[in-house]
Amino acid sequence: MADESIRSGVIGHPITHSRSPLIHGNWIAEYGIDGAYNAYDVSPADLSGFLRRVRGGELAGCNVTIPHKEAMLEHIDELTDTAEAIGAVNTIWREADRLLGDNTDAYGFLANLDHAAPGWDENPRCAVVLGAGGAALAVLHGLLSRGFADIRIANRTAARAERLAARFGGSCHAMDWAREEALYSDADFVVNTTSLTMGNETDQQVWSGLDHVAEGATVTDIVYSPLQTSLLKAAQRRDLPTVDGLGMLLHQAVPSFERWFGTRPEVTPGLRRRVEEDLAAGH
Ligand code: NAP
């Protein structure tokens with residue numbers, strides 16, 4: 001590899017499931033960039049050592065995934081306002097010997113909806129957010145930035161939803177996950193951020209709350225494997241517009257790629273097809 005080659009990648013533990021090398025590798029080839037993007041399995045114990053390599057110039061920066069997104073905060077010299085507000089980092093880059101951190105998940109979440117369901121936030125009244133884990137942080141930040149007046153957070157473990165509502169404040173409040181009618185009543189937007197839809201749950205039972213949403217409410221799931229989750233299928237049976245979670249993964253990669261490689265890449269149908277094929281092949 002030539003010296004001027006730009007190196008980046010994704011760190012996590014485990015990391016084999018990540019589609020980021022496929023996405024960024026596709027863009028590196030498409031735009032003829034002299035660079036590389038690899039997956040690095042970095043355990044929490046090895047994180048400081050890996051970041052010394054980034055500071056030393058071995059990499060231009062990297063993406064950060066589970067379990068390092070929140071732990072990264074204490075290793076970064078400067079955070080963007082977005083990363084600060086979300087409280088998690090998914091993109092880092094180097095300026096001289098300093099490390100800077102951003103979070104592009106909220107951007108990816110919003111860009112996916114803007115592309116797949118234009119006008120979804122025209123009347124930002126009531127949104128239901130299912131889940132209160134790491135991904136919910138970015139989703140809440142995104143929904144607040146679009147001015148939703150009533151954001152209902154529900155989680156299996158109620159205390160976590162209450163913590164998030166207290167942290168974000170404003171129009172966010174925690175609601176009882178089990179009290180479906182109150183939770184979904186007249187909602188214009190529903191997003192699942194839990195890992196629940198990855199399993200074989202009986203959607204008939206789990207998603208009956210959708211009977212109470214406003215007419216034409218947009219329903220999205222950030223889980224993208226499977227692509228058509230039980231929530232999306234339940235919404236489609238009720239003729240509600242749906243958006244799957246793969247676009248969030250593709251769009252969150254755009255600002256990161258631009259940061260390291262200097263070219264703003266495009267999310268094309270061809271890229272989406274390649275990632276869909278990879279998911280279908282179960283790699
Ligand atoms: P996380 O921090 O581990 O949070 C998991 C969430 O799922 C918690 O709210 C948890 O509730 C809930 N949950 C898990 N199993 C459940 C069950 N059986 N019933 C009800 N709730 C359940 O994970 P995360 O980082 O937020 O990620 C969540 C999902 O989003 C993952 O599937 C991830 O792949 C996906 N994701 C997608 C994108 C994208 O770009 N499309 C980006 C980020 C994440 P408790 O608090 O009660 O445990």
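Just so you know, ligand 1 is whichever comes first in the structure, and atom 1 is the first atom listed for that ligand. All values reported here derive from a predicted model rather than from experimental measurement.
- Considering Thr194, Asp105, Thr157 only, the shortest heavy-atom separation from atom 13 (N) of ligand 1 involves Thr194.
- Using a 4.0 Å cut-off to heavy atoms of Val223, the atoms of ligand 1 that qualify are 32 (O).
- Remark: the backbone N or O of Ala234 is paired with a side-chain donor or acceptor of Arg238 at under 3.5 angstrom.
- Pairing each heavy atom of Ala106 with each of His141, the nearest pair is CB-CD2, 4.0 Å.
- Residues Asp211 and Ser208 have side chains that never bring a donor and an acceptor to within less than 3.5 angstrom of each other.
- At least one N/O-N/O distance between Gly245 and ligand 1 falls below 3.5 Å.
- On a distance-only criterion, Ser195 and ligand 1 share at least one N/O pair closer than 3.5 Å.
- Ring geometry for Phe261 versus Phe257: interplanar angle of 30 to 60°, hence tilted.
- Below 4.0 Å from some heavy atom of Leu196 lie the following atoms of ligand 1, by number and element: 17 (C), 18 (N), 19 (N).
- Remark: ligand 1 atoms within the under-4.0 Å shell around heavy atoms of Ala135 are 24 (P), 25 (O), 26 (O), 27 (O), 43 (C), 44 (C).
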Can you give each donor-acceptor pair under 3.5 Å made by side-chain atoms of residues 80-88, sequence neighbours left out, with the distance rounded to 0.1 Å?
{"from": "Thr80", "atom 1": "OG1", "to": "Ala83", "atom 2": "N", "distance (Å)": "3.2"}
{"from": "Thr80", "atom 1": "OG1", "to": "Asp102", "atom 2": "OD1", "distance (Å)": "2.6"}

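- For the pair Ala136 and ligand 1, the shortest N or O to N or O distance does not fall below 3.5 Å.
- The residue from Arg156, His251, Met248 that puts a heavy atom closest to atom 18 (N) of ligand 1 is Arg156.
- At least one heavy atom of Arg160 sits less than 4.0 Å from an atom of ligand 1.
- Using modelled atom types, no side-chain atom of Ser185 and backbone atom of His212 make a donor-acceptor pair closer than 3.5 Å.
- Interface atoms of ligand 1 facing Gly133, defined by a heavy-atom separation under 4.0 Å, are 2 (O), 4 (O), 9 (O), 26 (O).
- Those atoms of ligand 1 with a heavy atom of Tyr224 less than 4.0 angstrom away are 39 (C), 41 (N).
- Residue contacts with ligand 1 leave out Gly108, since none of its heavy atoms falls under 4.0 Å from the ligand.
- Transitive grouping of hydrophobic side chains (ILVMFWY, heavy atoms separated by less than 4.5 Å) keeps Phe189 and Val219 in distinct clusters.
- Of the heavy atoms in Thr193, only backbone atoms (N, CA, C, O) come closer than 4.0 Å to ligand 1.
- For Phe50 against Cys62, the heavy-atom pair with the smallest separation is CE2-SG, 4.1 Å.
- Ligand-side atoms of ligand 1 in range of Gly131: 9 (O), range being under 4.0 angstrom from any heavy atom.
- Remark: ligand 1 atoms within the under-4.0 Å shell around heavy atoms of Gly134 are 2 (O), 26 (O).
- Trp120 and Asp114 form a side-chain donor-acceptor contact under 3.5 Å, judged by distance and modelled atom types alone.
- Residue Asn155 touches ligand 1 through its side chain alone, judged by heavy-atom distances below 4.0 Å.
- The residues Asp77 and Arg55 are annotated as salt-bridged, a charged nitrogen and a carboxylate oxygen being separated by less than 4.0 angstrom.
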